[in-house]
Amino acid sequence: MTAKAEIQKILHQRFPQIAEKALQEEIAQVGKIMEFKAGEIIMDYGSYVRMVPLIIEGSIKVTREDEEVGKELLLYFLNAGDTCSMSFTCCMMDKKSAIRTVAMDDTKLIGIPVKQVDNWMGKYQSWKNFVMMSYDNKMLELVKVIDKIAFHGLDKRMEEYLKALTQSTGSTTITATHQTIADDLNVSREAVSRLLKKLENIGTVKLGRNEITLLT
DNA sequence: ACATTAAGTGATT
DNA sequence: AATCACTTAATGT
């Protein structure tokens with residue numbers, strides 16, 4: 001199968017919102033399939049964004065860092081069928097990335113050069129809709145993250161976090177240390193350990209070294 | 001066997 | 001809920 005045909009097939013499967021034939025053609029024309037291994041940094045703070053990614057498979061963790069080193073806040077995960085909303089603004093305004101994106105699994109995506117991203121906004125309605133929709137989605141998600149932090153306790157946040165992670169990886173077993181989770185949620189490791197222990201006791205979760213399995 | 005890293009616990013603020 | 005000061009358990013060399 002040619003690369004072009006493959007992209008078109010993938011578009012059809014993963015991005016049904018992108019309906020216009022001509023647009024599909026163009027994406028196949030200029031899009032590049034890129035692959036990242038688990039743990040690889042796809043984009044880092046300060047780097048210029050020159051591609052907008054359409055994620056085909058795998059999952060990506062999006063974080064934001066504060067001035068003081070070491071403090072990282074998890075914003076959200078990206079999965080197959082998603083795109084990075086941040087990259088739109090970043091690349092259209094020619095700004096440096098304010099976020100870091102790391103592949104959590106082996107991840108495959110279609111990279112679209114900045115130039116066309118801009119052009120297509122006016123040219124294709126379904127592209128514009130796609131961009132707007134993903135904006136809207138992520139915005140809502142971010143708002144949710146914010147009020148979780150502001151108004152709800154750690155237990156609710158944990159719940160969401162675990163859910164998002166399992167959804168992201170498609171497995172009910174999560175491989176991560178308590179410390180990693182603590183960093184993602186910006187809480188102490190002990191708090192994570194204690195909460196997970198509680199969840200294990202009420203039977204919603206099973207713990208192992210470097211491993212958490214959701215039972216419900 | 002020994003060192004290292006992850007996880008559990010209690011006390012203190 | 002954070003931090004500290006351990007202890008215990010699992011793993012790597």
Side-chain angles (χ1 to χ4, degrees), chain A residues 34-47 53 55-80 82 84-86 96-109 136-216:
Chain A
M34 304 168 83
E35 291 182 59
F36 296 91
K37 295 220 176 66
E40 223 179 313
I41 293 176
I42 298 172
M43 228 169 284
D44 211 341
Y45 311 111
S47 60
I55 293 129
I56 305 163
E57 56 180 64
S59 53
I60 296 173
K61 182 165 139 182
V62 180
T63 59
R64 159 110 191 118
E65 194 179 56
D66 195 63
E67 322 292 302
E68 304 103 69
V69 278
K71 286 283 179 185
E72 233 181 26
L73 176 67
L74 172 105
L75 295 179
Y76 46 74
F77 298 111
L78 294 172
N79 302 310
D82 287 336
C84 179
S85 310
M86 279 292 187
K96 288 177 179 177
S97 173
I99 55 169
R100 167 185 282 163
T101 55
V102 182
M104 307 184 61
D105 303 314
D106 295 352
T107 295
K108 214 194 265 187
L109 54 83
D136 190 44
N137 284 338
K138 280 305 161 211
M139 202 62 89
L140 280 175
E141 216 176 300
L142 261 184
V143 168
K144 263 170 43 188
V145 169
I146 291 169
D147 69 44
K148 285 266 149 42
I149 293 169
F151 307 125
H152 299 291
L154 179 58
D155 44 357
K156 283 256 172 65
R157 281 215 284 155
M158 237 325 207
E159 203 180 290
E160 288 278 322
Y161 175 81
L162 294 175
K163 213 171 69 190
L165 252 181
T166 49
Q167 244 166 40
S168 226
T169 58
S171 158
T172 54
T173 297
I174 294 160
T175 306
T177 66
H178 294 182
Q179 186 61 63
T180 312
I181 298 168
D183 290 344
D184 280 345
L185 298 175
N186 266 297
V187 292
S188 68
R189 193 219 90 225
E190 291 93 324
V192 171
S193 292
R194 287 179 173 129
L195 180 52
L196 282 173
K197 194 86 217 161
K198 216 185 298 173
L199 292 178
E200 188 180 40
N201 287 335
I202 58 174
T204 57
V205 111
K206 186 172 174 298
L207 300 176
R209 193 184 169 86
N210 282 323
E211 213 178 72
I212 300 157
T213 308
L214 260 69
L215 299 176
T216 51

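Sequence lines set the chain letters: A, B, ... in the order given, protein chains first and strands last, and positions in each chain run from 1. For clarity, every value in this text was computed on a predicted model and none was experimentally measured.
- Remark: the backbone N or O of A:Phe36 is not paired with any side-chain donor or acceptor of A:Thr107 at under 3.5 angstrom.
- Taking the 5' to 3' direction, DNA chain C first and last meets chain A under 4.0 angstrom from a heavy atom at C:dA1 to C:dT11.
- Using a 4.0 Å heavy-atom criterion, one finds that A:Thr177 contacts the sugar-phosphate atoms exclusively.
- For A:His178, a side-chain nitrogen or oxygen approaches OP1 or OP2 of B:dG8 to under 4.0 Å.
- Inspection of the A:Thr175 and A:Asn210 side chains reveals no N or O donor paired with an N or O acceptor under 3.5 Å.
- Computed from coordinates, the A:Gln179 CD to B:dT4 P distance equals 18 Å when rounded to whole Å.
- For residues 190-198 of chain A, proximity to DNA chain C is found at A:Glu190, A:Ala191, A:Arg194, defined as any non-hydrogen atom under 4.0 angstrom from a strand atom.
- One atom, CD of A:Glu211, and another, C1' of B:dA6, lie 13 Å apart when rounded to the nearest Å.
- Side-chain atoms of A:Asp106 come within 3.5 Å of backbone N or O of A:Ala38 as a donor-acceptor pair.
- Note on A:Lys61 versus A:Asp184: salt bridge recorded, some NZ/NE/NH1/NH2 to OD/OE distance being below 4.0 Å.
- At least one donor-acceptor pair under 3.5 Å links the side chain of A:Arg64 to the backbone N or O of A:Ala98.
- Using a 4.0 Å cut-off between charged side-chain N and carboxylate O, A:Glu200 and A:Lys197 make a salt bridge.
- With salt bridges taken as basic N to acidic carboxylate O contacts below 4.0 Å, none links A:Lys156 and A:Glu159.
- A distance-only check finds no donor-acceptor pair linking the side chain of A:Ser59 to the backbone of A:Thr169 [under 3.5 Å].
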